[in-house]
Engineer: 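After the structure tokens below, expect a handful of questions from me.
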Amino acid sequence: MNAISVTETADGSAGIITVGLERILFLKCNTFESQSILVHTRDGVYYIMGPLRYWVNALNSTGCHFSIVDRGTAVNIDNVERLERTYKVAYFDNMSSQTSISCTIAYHRYRLVEQELTRMNPNIIVC
């Protein structure tokens, strides 16, 4: 399986499209729709249904490397380029610009996440 089926709207009215697993940057629980998950890519945000832990387990079982970094957020470790220790943020590019795609990491999970990321990707930038 190289892709998942997603929709471009929370209610599914836009129909179903596929997104390659390697394109997923992170998953985030949708606070407005209790059972939907936001799938963040460089191209946009898509929707899937179900619990976050279900998707993390399913994706990791297919060879992906997702890690839950906050109560409602899981990052695709393979796509993290940079970590910011002070503010506990994962960035998905190595440039420091205001348009960088990023997500926060829970304070109490940061150290474990940093260890996991640097073990899997020794070239990651930690600042």
Engineer: State plainly whether one hydrophobic cluster holds both V19 and Y47, where clusters connect Ile, Leu, Val, Met, Phe, Trp and Tyr through side-chain heavy atoms under 4.5 angstrom apart.
Structural biologist: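 As far as the 4.5 Å side-chain criterion goes, Y47 and V19 are not connected within one cluster.
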Engineer: Taking all non-hydrogen atoms of both residues into account, name the closest pair between G50 and I37 and its distance.
Structural biologist: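 Taking every non-hydrogen atom into account, O-CG1, 3.2 Å.
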Engineer: Would you mind reporting whether N2 and L21 have side-chain heavy atoms less than 4.5 Å apart?
Structural biologist: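 When only atoms from C-beta onward are counted, N2 and L21 do not touch, as no gap falls below 4.5 Å.
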Engineer: Determine, step by step, whether R85 and V126 satisfy the side chain to side chain contact (heavy atoms under 4.5 Å, CB included) criterion, reporting the C-alpha distance in whole Å, the side-chain angles of both residues, the deciding distance to 0.1 Å, and the verdict.
Structural biologist: CA-CA 7 Å; R85 272 191 189 135; V126 180; 3.6 Å; yes
Engineer: Would you say the side-chain atoms of T9 pair up with the backbone N or O of A14, donor to acceptor, closer than 3.5 Å?
Structural biologist: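 Present.
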Engineer: Given the rule that I, L, V, M, F, W and Y join up when any side-chain heavy atoms are under 4.5 Å apart, are I17 and I48 in one cluster?
Structural biologist: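 Linked within one cluster.
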Engineer: Nearest 0.5 Å, what's the CG-CG distance between N121 and L83?
Structural biologist: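 Atom-to-atom, N121:CG and L83:CG are 9.5 Å apart.
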Engineer: With a 4.5 Å limit on heavy-atom distance, are the side chains of H40 and I24 in contact?
Structural biologist: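 When only atoms from C-beta onward are counted, I24 and H40 do not touch, as no gap falls below 4.5 Å.
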Engineer: Quick check with a 6.0 Å cut-off and a 45 degree axis cone: is K88 positioned over the face of Y110's six-membered ring?
Structural biologist: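 Ring-cation test returns yes.
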Engineer: Which side-chain hydrogen bond (donor to acceptor under 3.5 Å, both in side chains) pairs, counting each pair once, include a residue from residues 65-79, with sequence neighbours left out?
Structural biologist: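 For residues 65-79, and leaving out neighbouring residues, the side-chain hydrogen bond (donor to acceptor under 3.5 Å, both in side chains) pairs sorted by first residue read K28-T73, H65-D78, S67-E116.
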Engineer: Considering non-hydrogen atoms only, spot the tightest contact between T7 and G12 and give its length.
Structural biologist: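 In this case the closest contact between T7 and G12 is OG1-CA, 3.5 Å.
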Engineer: Rounded to the nearest 0.5 Å, how far does CG of N57 lie from CZ of R53?
Structural biologist: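 Atom-to-atom, R53:CZ and N57:CG are 8.0 Å apart.
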Engineer: Just do the side chain to side chain contact (heavy atoms under 4.5 Å, CB included) check on V113 and R111 with the steps written out, would you?
Structural biologist: CA-CA 5 Å; V113 170; R111 189 173 359 158; over 6 Å; no
Engineer: Which atom names give the shortest non-hydrogen contact between A90 and V80, and what distance separates them?
Structural biologist: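 Taking every non-hydrogen atom into account, CB-CG1, 4.2 Å.
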Engineer: Please determine whether side chain to side chain contact (heavy atoms under 4.5 Å, CB included) holds for the pair V56 and Y54, giving the CA-CA distance in whole Å, both sets of side-chain angles, and the decisive distance to 0.1 Å.
Structural biologist: CA-CA 6 Å; V56 169; Y54 166 84; over 6 Å; no
Engineer: Within this structure, what is the CG-CD1 distance for the pair L117 and I124, rounded to the nearest 0.5 Å?
Structural biologist: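 Nearest 0.5 Å value for the CG-CD1 distance: 4.5 Å.
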Engineer: Do I16 and V6 touch side chain to side chain, with heavy atoms closer than 4.5 Å?
Structural biologist: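 A side-chain contact under 4.5 Å is absent here.
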Engineer: Any chance you could measure F92, atom CZ, to C103, atom SG, to the nearest 0.5 Å?
Structural biologist: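 Reported value, rounded in 0.5 Å steps: 4.0 Å.
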Engineer: Do the side chains of I105 and M120 join up, straight or via other hydrophobic residues, at under 4.5 Å, putting them in one cluster?
Structural biologist: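 Same cluster.
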Engineer: Can you tell me how far CG of L59 sits from SG of C64, rounded to the nearest 0.5 angstrom?
Structural biologist: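 C64 atom SG to L59 atom CG measures 5.0 Å (nearest 0.5 Å).
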Engineer: Are F26 and F66 an aromatic pair, judged by ring center distance below 6.0 Å?
Structural biologist: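 Between F66 and F26, the centre distance exceeds or equals 6.0 Å.
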Engineer: Just verifying a value: how many Å separate L52 CG and L38 CG, rounded to the nearest 0.5 Å?
Structural biologist: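 Result: 10.5 Å between the selected atoms.
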Engineer: How would you list, by chain and number, every residue that makes a ring pair (Phe, Tyr, Trp, His ring centres under 6.0 Å) with Y46, sequence neighbours excluded?
Structural biologist: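 Result, ring pair (Phe, Tyr, Trp, His ring centres under 6.0 Å) vs Y46: none returned.
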Engineer: For a side chain to side chain contact (heavy atoms under 4.5 Å, CB included) check, start with the C-alpha distance between L25 and I101, then their side-chain angles and the critical distance, and finish with the verdict.
Structural biologist: CA-CA 9 Å; L25 302 176; I101 299 173; 3.8 Å; yes
Engineer: Side-chain heavy atoms under 4.5 angstrom apart, residues restricted to Ile, Leu, Val, Met, Phe, Trp, Tyr: same cluster for I4 and L27?
Structural biologist: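 Hydrophobic grouping puts I4 with L27.
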Engineer: Determine, step by step, whether D43 and T41 satisfy the side chain to side chain donor-acceptor pair (under 3.5 Å) criterion, reporting the C-alpha distance in whole Å, the side-chain angles of both residues, the deciding distance to 0.1 Å, and the verdict.
Structural biologist: CA-CA 5 Å; D43 305 324; T41 68; 4.6 Å; no
Engineer: With no hydrogens and no angle check, is any side-chain donor or acceptor of W55 less than 3.5 Å from a backbone partner on A74?
Structural biologist: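 It does not hold such a pair.
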